[in-house]
Every structure is written in C-alpha cells, then in structure tokens.
Amino acid sequence: MSERRVRTRFAPSPTGPLHMGGVRTALFTYLFAKKHGGDFLLRIEDTDQTRYVQGAEEYIIEALNWCGIHIDEGVNVGGKYAPYRQSERKASGIYQTYAQQLVEAGHAYYAFDTAEELEEMRAQLAAAKVAAPQYNSVTRQNMKNSVALSEDEVNKRLKAGDPYVIRLKVPRNEEIRFHDIIRGWVVVNSNQVDDKVLLKSDGMPTYHLAHIVDDHLMEITHAVRGEEWLPSAPAHILIYRYLGWEQTMPLYAHLPLLLKPDGNGKLSKRDGDRLGFPVFPLNWTDPATGEVSSGYREKGYFPEAFVNMLALLGWNPGTNQELFSMEELIEAFSFERVSKSGAKFDPEKTKWFNQQYLRKYPITEIADQFEETLEKHNVSANREYVEKACELLREKAHFVHEFWELGAYFFMAPDVFDEKVISKKWDDQARSFFKGLPDAMKKSGNSAIELEEGFKSYAESAGVKANSMLQLLRVLVTGAASGPALFDTIALIGKEESVNRVETAIQKLS
RNA sequence: GGCCCGUUCGUCUAGGGGUCUAGGACAUCUCCCUUUCACGGAGGAAACACGGGUUCGAUUCCCGUACGGGCUACCA
C-alpha cells in the first residue's frame with residue numbers, strides 16, 4: 001500500500017467561542033500533520049442551523065491564528081476541496097446522495113416518526129425498564145419507517161412530502177472493532193449502537209454522516225477528536241463500511257478530555273469566570289447577551305506560553321524538557337505519547353509558563369507591549385529607556401501588565417513612600433544621613449557601580465552601615481520597598497533625577 | 001440505569017516484569033544567595049485505588065471491585 005500524504009482536519013462547529021480544550025485538539029491535530037509533512041485543514045461543521053452563533057467562525061480562525069496554528073486549507077484560505085463549510089457543501093447534494101445510496105443498499109432507511117412519537121417510544125421503554133432505550137434493530141419494527149411500513153405506505157408518504165429522516169440500519173448482535181491510535185483496540189457490540197439519524201428532516205446531514213463524507217472526500221488520513229466521541233465511533237465505522245470506504249478510512253485518535261481544576265468533570269465555559277482564569281484563547285462577547293468571557297490573549301499571556309502549556313496537557317515528550325517552541329513541538333510530537341486519562345487544567349502552571357516566556361521573549365516585543373500601557377498612563381519615554389526598564393522589570397513579573405504597578409517609578413517620581421519601611425527605619429539617624437547624601441551622590445559617576453561605590457564610601461565617612469540605609473534609599477527614590485537591583489534602578493532613572501527625588505522625599509517626609 | 005473509556009505525589013506526568021529505597025515539573029515548606037521581592041541554588045514533605053490471579057518476582061500483564069469521567073438528541 002502506498003503511503004498517503006498525511007491530511008488532518010480540525011472541524012469545529014460555530015456554536016460559540018472555541019474553548020481551550022478545542023484549541024488543544026486543534027493543536028495536536030496540527031502538530032501531527034506538520035510532523036509528517038502533511039496538511040492541516042479547517043472545516044466548519046455548521047449542520048445545526050439552530051445553534052449557529054454569529055461571529056463564532058471568525059473567532060475560531062482568529063484564535064488559531066493567534067496560537068500560531070496555520071491552516072493549509074479551509075474556509076478562510078480555500079483549497080482544492082472547497083467549499084469547507086458544510087452548509088455550503090450541502091448544496092452539491094453530496095450528503096443526500098450518499099444517504100440515498102445507503103438506503104438503496106439496505107443499510108439505511110426512511111423514518112417518519114414525529115418528535116412526540118419518539119418521546120413516547122422512549123418513555124415506554126423506560127417504563128418497561130429496558131436497559132438501553134433506543135431506536136434500534138428491535139424497536140424499529142414498531143416505528144413508522146421503511147423497515148416496518150409497507151412499501152406502498154412508504155411511497156405514499158414520500159410522495160405526499162411527509163417529513164422524514166434517514167437512519168442508519170445498525171445490524172443486530174455484531175461485533176464492531178476498530179483501532180484507535182491512542183487507545184488501541186476498542187470492541188463494541190452493535191446492540192449498543194442505536195440507529196443514528198444520518199440525514200435530518202431539514203435535509204441537513206448530522207455530524208455522523210457529514211464528517212464521514214467530508215473526511216473521505218477531503219482525503220483525511222487521521223481523524224483527531226475528543227474522547228466524548230468514542231461511544232459513537234462504532235457507528236462511524238459501520239458507515240464507512242457500508243459506503244465502501246473502509247479501506248481508506250482515516251485512523252481515529254480520541255484525545256483525553258480536559259478536566260476542571262477543582263472537583264471533577266470536563267472543563268466548561270462557566271469554570272473560567274467562576275475560578276478566575278480564562279477558558280478561552282481570546283475575549284468573547286456573546287452576541288445575544290453581551291456577556292464577556294475573558295481570553296488568554298487579553299489577560300496578557302503570550303501565545304507561545306499558552307500553546308506550550310496546552311501541549312503538555314495530555315502529552316509529554318518523554319524527556320524533562322518543558323519549554324517548547326512550535327517547531328520543537330512539531331518535531332517531538334507523537335500520538336504514542338498522548339495519555340489516555342483526562343488532564344486537570346492547572347491555572348498556576350500556566351502562569352509559570354508565561355513567566356518563562358517573559359524571560360525569553362525579545363525585549364523589543366516586550367517593550368512594544370509595555371509602551372501601550374505607558375500610553376494609557378500618558379507617559380512617554382524614549383525607546384531605549386523603556387527597553388532598559390523592561391529588562392529590569394521582566395525578572396520580577398509574570399506578565400507585562402504587571403510592569404506598571406511594579407515600576408511606574410521609572411517614569412515618574414513617587415508620591416507615596418512605603419509606609420512599613422518608613423515607620424520602621426526613618427529615624428533621626430536616617431534623616432541626617434540622607435540629608436548629606438545628595439552632595440555625595442553628585443560627586444559620583446553615573447554608572448550603577450560608581451553610584452554604589454559612592455554610596456558606600458559616603459556611608460563609611462558618615463559612620464553608618466551602608467546596608468542599613470539601602471532599603472530607605474530605594475523607598476526615597478522609588479517609593480517601593482522592593483524591586484530590581486537598586487543601583488541598576490538608580491542608574492537607569494539617572495543620577496540627577498534620583499538626587500532630586502531624594503531631596504523632595506526628604507521634604508515630604510519631614 | 002445501560003454502554004464505553006480511564007485510575008502513579010495536591011496538579012501535570014516519567015515509568016511498559018527485576019535498575020523503583022518510584023524520576024521530573026508546578027504548587028508547598030526549609031535553607032543559601034539578595035538591602036528587598038523575584039530569579040537562581042540546595043534540601044524536605046508528598047503517589048503506584050483495592051482485592052485476586054499469572055510469575056521466581058509485579059507500579060508495570062490478566063480478572064474483579066471501587067472510584068472518576070464520557071456517551072446515552074432530527075447537538076456537535
């Protein structure tokens with residue numbers, strides 16, 4: 001068998017913002033394709049018209065883009081298998097055709113049951129304590145479908161335009177086995193599988209039919225999706241078989257779920273705002289309610305940190321390496337190293353990842369971000385100065401947005417001074433010591449080292465231990481009790497300015 | 001309820017019969033470095049769900065139980 005070019009797809013439905021679990025699925029799908037030099041496609045599964053949400057598709061594309069997940073083919077970039085939106089693909093009649101083909105082959109049938117009739121059937125089965133109440137090989141005999149009804153009756157109904165669906169005719173008591181890349185062999189008896197609806201009464205296919213037709217037509221080689229699909233996978237195998245596509249059907253990989261940090265259960269949209277961390281890559285405003293859900297991007301996370309964190313949830317390289325660029329992830333990724341069990345998401349570790357990237361990031365980009373904050377505070381400073389301040393501040397922070405609170409003093413003289421330090425250390429001795437400091441400083445050089453030497457020799461001549469005055473010096477110049485290396489800070493602020501600050505601080509404090 | 005999947009420190013995980021007195025990371029604690037905070041360094045506490053097999057030997061293989069999760073729609 002000749003090796004097919006690897007083609008994977010991420011196929012979300014535009015029912016709202018993509019949440020981080022979805023992003024992870026997209027990421028793994030992408031990594032696998034790229035690892036094998038293949039294609040990654042984006043297909044939009046909008047077969048449920050009632051759940052369509054305005055803006056969701058754009059959100060998905062923007063989110064993937066932010067994460068650095070590049071789409072080779074898809075709704076936004078086109079490609080030889082276009083269109084990539086199922087609602088548009090429906091127009092060509094493909095879903096209808098293949099559903100019809102299944103009916104003709106005797107593997108599917110028309111069903112005319114109304115919602116009420118279905119409900120009644122389930123209620124009856126439940127009342128009779130049937131273990132698995134479902135539309136299947138035994139119950140279908142008593143329902144209104146082309147298996148139970150006479151041919152005449154069926155034709156009459158079709159002619160009359162009665163609404164119908166097409167259901168998969170799942171055989172009785174047959175063993176269905178399939179190989180999952182992550183889980184190995186999974187075996188299910190067909191009695192557990194219900195007669196899934198393939199084509200809805202509005203003419204739209206369900207997910208079950210649509211994803212198979214599209215994966216086949218788009219020559220997808222590996223179908224990656226969440227574990228929640230595992231129970232319906234046997235039905236999908238059957239559909240491939242009945243369509244005659246089993247030989248080329250994609251290999252399935254069912255990813256473990258992302259679980260909420262506290263308690264149990266899969267991570268849901270609500271958890272984020274409840275627990276104080278984002279579950280979405282980007283901010284999302286619900287078009288119906290106006291409600292805003294926060295995103296990692298707006299919270300100040302680097303996309304690289306977000307992606308890195310996500311990659312290590314349910315996958316590991318088998319080494320101790322934790323920091324990965326996208327290229328490194330592509331190189332290292334394999335489904336063999338994806339775990340089977342669900343992973344609880346840890347917001348704390350996510351912060352740690354951002355901190356690591358804050359250290360690694362090019363200073364120019366950090367400065368770009370910080371300058372936005374500075375603008376908001378109506379502060380302007382020359383670029384070189386901002387970059388130097390960033391160099392000092394990045395060692396103290398997890399996020400760029402902390403810089404202002406941490407180091408506004410680089411851009412303006414403080415007007416409050418750390419009370420704890422002042423009340424504890426600002427005594428008569430300190431007062432007289434600092435009174436003489438400006439003159440001494442003026443004589444020193446401008447570098448951090450010279451400033452420090454000057455300070456120490458002044459302390460010595462004053463008969464005071466230099467160390468005992470250092471924190472006060474910091475408070476007088478910056479207002480804060482802690483910060484980056486003190487003389488580096490002073491050198492950056494500048495000797496003149498620092499001297500001025502010491503003098504005005506002394507005034508304010510007396 | 002039924003079916004499917006899973007189960008190593010609080011969390012993410014390494015481990016595929018002896019090398020496990022179970023390794024790493026986050027978080028936590030102690031100490032060192034530091035004027036300080038952070039970083040960094042050193043160290044500590046912390047896990048194989050339980051019960052049966054298989055085997056000379058099980059964290060590793062099999063079965064059961066428990067627990068957790070998922071699915072059970074003309075939603076994906």
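Residue numbering restarts at 1 for every chain, and letters A, B, ... go by the order of the sequence lines.
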What is the separation between atom CD on A/Glu45 and atom C1' on B/A76, rounded to the nearest whole Å?
8 Å
What's the shortest heavy-atom distance between A/Pro14 and A/Glu57, and which atoms?
CB-N, 4.2 Å
Considering non-hydrogen atoms only, spot the tightest contact between A/Arg501 and A/Phe410 and give its length.
NH2-C, 4.4 Å
5'-most by nearest nucleotide on RNA chain B - A/Pro12 or A/Arg24
A/Arg24
For A/Phe455 and A/Phe487, take the angle between the two ring planes, folded into 0 to 90°, and tell me which bin it lands in: parallel under 30, tilted 30 to 60, perpendicular over 60.
tilted
Could you state the atom-to-atom distance from CG of A/Asp262 to C1' of B/C12 in whole Å?
16 Å
Contacting residues from residues 161-174 of chain A, given that a heavy atom lies under 4.0 angstrom of RNA chain B
A/Val165, A/Arg167
Can you name the one residue among A/Arg167, A/Lys169, A/Arg172, A/Arg140 that meets salt bridge (charged side-chain N to carboxylate O under 4.0 Å, His left out) with A/Asp195?
A/Arg140
If we call it a pair only when both distances are under 3.5 Å in a Watson-Crick or G-U wobble match, what pairs with B/A42?
B/U30
Quantified in whole Å, what is the C1' atom distance between nucleotide B/G24 and nucleotide B/G18?
23 Å
Regarding A/Gln49 and A/Asp202, is there a side-chain donor-to-acceptor distance under 3.5 Å anywhere?
no
Using the P atom as the reference point in each nucleotide, state the distance between B/A49 and B/U13 in Å, no decimals.
15 Å
Remember a base hit wins even if backbone is also touched, and classify A/Arg122 as base, sugar-phosphate or nothing at under 4.0 Å, heavy atoms.
sugar-phosphate
Ring geometry between A/Tyr252 and A/His254 (parallel below 30°, tilted from 30 to 60°, perpendicular above 60°):
parallel
Under 6.0 Å from the ring centre and within 45 degrees of the ring axis: does the NZ or CZ of A/Arg337 meet both conditions for the six-membered ring of A/Phe333?
no
Counting the atoms with a prime plus P, OP1 and OP2 as sugar-phosphate, which does A/Asn191 contact under 4.0 Å by heavy atoms, base, sugar-phosphate, or nothing?
nothing
Ignoring hydrogens and geometry beyond distance, is the side chain of A/Lys396 in donor-acceptor contact with the base of B/C37 at under 3.5 Å?
yes
Could you tell me which non-hydrogen atom of A/Glu117 sits nearest to which non-hydrogen atom of A/Met143, and how far apart they are?
O-CE, 4.0 Å
Are OP1 or OP2 of B/G15 and a side-chain N or O of A/Arg337 less than 4.0 angstrom apart?
yes
Once the angle between the rings of A/His211 and A/His236 is folded into 0 to 90°, is it parallel (under 30°), tilted (30 to 60°) or perpendicular (over 60°)?
perpendicular
A/Asp194 side-chain N/O to A/Tyr135 backbone N/O, donor-acceptor pair under 3.5 Å
no
Which part of the nucleic acid, if any, lies within reach of A/Ser13 when heavy atoms closer than 4.0 Å are counted: base, sugar-phosphate only, or nothing?
sugar-phosphate
Looking at every strand, decide which applies to A/Ser339 at a 4.0 Å heavy-atom threshold: base, sugar-phosphate, or nothing.
sugar-phosphate
At 4.0 Å (heavy atoms only), tell me whether A/Arg474 reaches a base, stays on the sugar-phosphate, or touches nothing.
base
Taking the C1' atom in each of B/A22 and B/G16, what is the distance between them to the nearest angstrom?
14 Å
What interatomic distance, in whole Å, is found between C1' of B/C48 and the corresponding atom of B/C67?
16 Å
Between the protein and nucleotides 67-71 of chain B, list the N/O to N/O atom pairs that are separated by less than 3.5 angstrom.
{"from": "B/G70", "atom 1": "OP1", "to": "A/Lys266", "atom 2": "N", "distance (Å)": "3.4"}
{"from": "B/C71", "atom 1": "OP1", "to": "A/Lys266", "atom 2": "NZ", "distance (Å)": "3.3"}

Whole-Å distance separating the NZ atom of A/Lys424 from the C1' atom of B/U35:
12 Å
Separation of the C1' atoms in B/G23 and B/A14, to the nearest angstrom
6 Å
Contact class for A/Gly226 vs. all strands (heavy atom < 4.0 Å): base, sugar-phosphate, or nothing?
nothing
Closest approach to the side chain of A/Val188, judged atom by atom: which nucleotide of B/C37, B/C4, B/A73 is it?
B/C4
What is the distance, rounded to the nearest whole Å, between atom CG of A/Leu392 and atom P of B/C39?
17 Å
When A/Leu199 and A/Val187 are each assigned the nearest nucleotide of RNA chain B, the 5'-most assignment goes to A/Val187
Using atom names, set out every protein N or O paired with an N or O of nucleotides 23-29 of chain B below 3.5 Å, distance rounded to 0.1 Å.
{"from": "B/A25", "atom 1": "O4'", "to": "A/Glu322", "atom 2": "OE1", "distance (Å)": "3.2"}
{"from": "B/A25", "atom 1": "O2'", "to": "A/Glu322", "atom 2": "OE1", "distance (Å)": "2.4"}
{"from": "B/A25", "atom 1": "O2'", "to": "A/Glu322", "atom 2": "OE2", "distance (Å)": "3.3"}
{"from": "B/A25", "atom 1": "O2'", "to": "A/Lys349", "atom 2": "NZ", "distance (Å)": "2.8"}
{"from": "B/A25", "atom 1": "N3", "to": "A/Lys349", "atom 2": "NZ", "distance (Å)": "3.3"}
{"from": "B/C26", "atom 1": "OP1", "to": "A/Trp352", "atom 2": "NE1", "distance (Å)": "3.4"}

Have a look at A/Val186 and say if it touches a base, only the backbone sugar-phosphate, or nothing, with a 4.0 Å heavy-atom cut-off.
sugar-phosphate
Atom OH of A/Tyr95 and atom C1' of B/C74 are separated, to the nearest Å, by 16 Å
Would you classify A/Leu312 as touching base, sugar-phosphate or nothing, given that sugar-phosphate means primed atoms plus P, OP1 and OP2, and contacts are heavy atoms under 4.0 Å?
sugar-phosphate
Taking atom P in both B/G57 and B/A73, what distance in whole Å separates the two?
49 Å
Taking every non-hydrogen atom, the tightest pair across A/Ala332 and A/Trp315:
O-CZ2, 3.6 Å
Indicate, with a heavy-atom threshold strictly under 4.0 Å, whether A/Gly483 touches base, sugar-phosphate, or nothing.
base
Work out how far the C1' atom of B/C63 is from that of B/G69, and round it to whole angstrom.
22 Å
Can you find a side-chain donor-acceptor pair between A/Asp48 and A/Tyr207 that sits under 3.5 Å?
no
Identity of whatever pairs with B/C67 - Watson-Crick or G-U, under 3.5 angstrom:
B/G6
Could you tell me how far B/C61 sits from B/U7 if I compare only their P atoms? Round to whole Å.
10 Å
Let's test this: given Watson-Crick or G-U wobble pairing with both distances under 3.5 Å, identify the partner of B/G1.
B/U72
For B/C74, does either OP1 or OP2 sit under 4.0 Å from a side-chain N or O belonging to A/Lys196?
no
Using whole Å, report how far NE2 of A/His254 lies from P of B/C5.
12 Å
Nearest-angstrom distance from the residue atom CG of A/Leu393 to C1' of B/A38:
12 Å
Using atom CG of A/Leu406 as one end and atom P of B/C37 as the other, report the distance to the nearest whole Å.
14 Å
Report the base-pairing partner of B/U21 (Watson-Crick or G-U wobble, both distances below 3.5 angstrom), or none.
none
On the six-membered ring of A/Tyr357, is A/Lys360 placed so that its NZ or CZ lies under 6.0 angstrom from the centre and within 45° of the ring axis?
yes
A/Thr206 side chain N/O closer than 4.0 Å to the phosphate oxygens (OP1, OP2) of B/A73?
no
With A/Asp215 as partner, the option from A/Arg9, A/Met249, A/His222 fulfilling side chain to side chain contact (heavy atoms under 4.5 Å, CB included) is A/Arg9
Work out which heavy atom in A/Thr15 is nearest to a heavy atom in A/Val53; give both atom names and the distance.
O-CG2, 3.1 Å
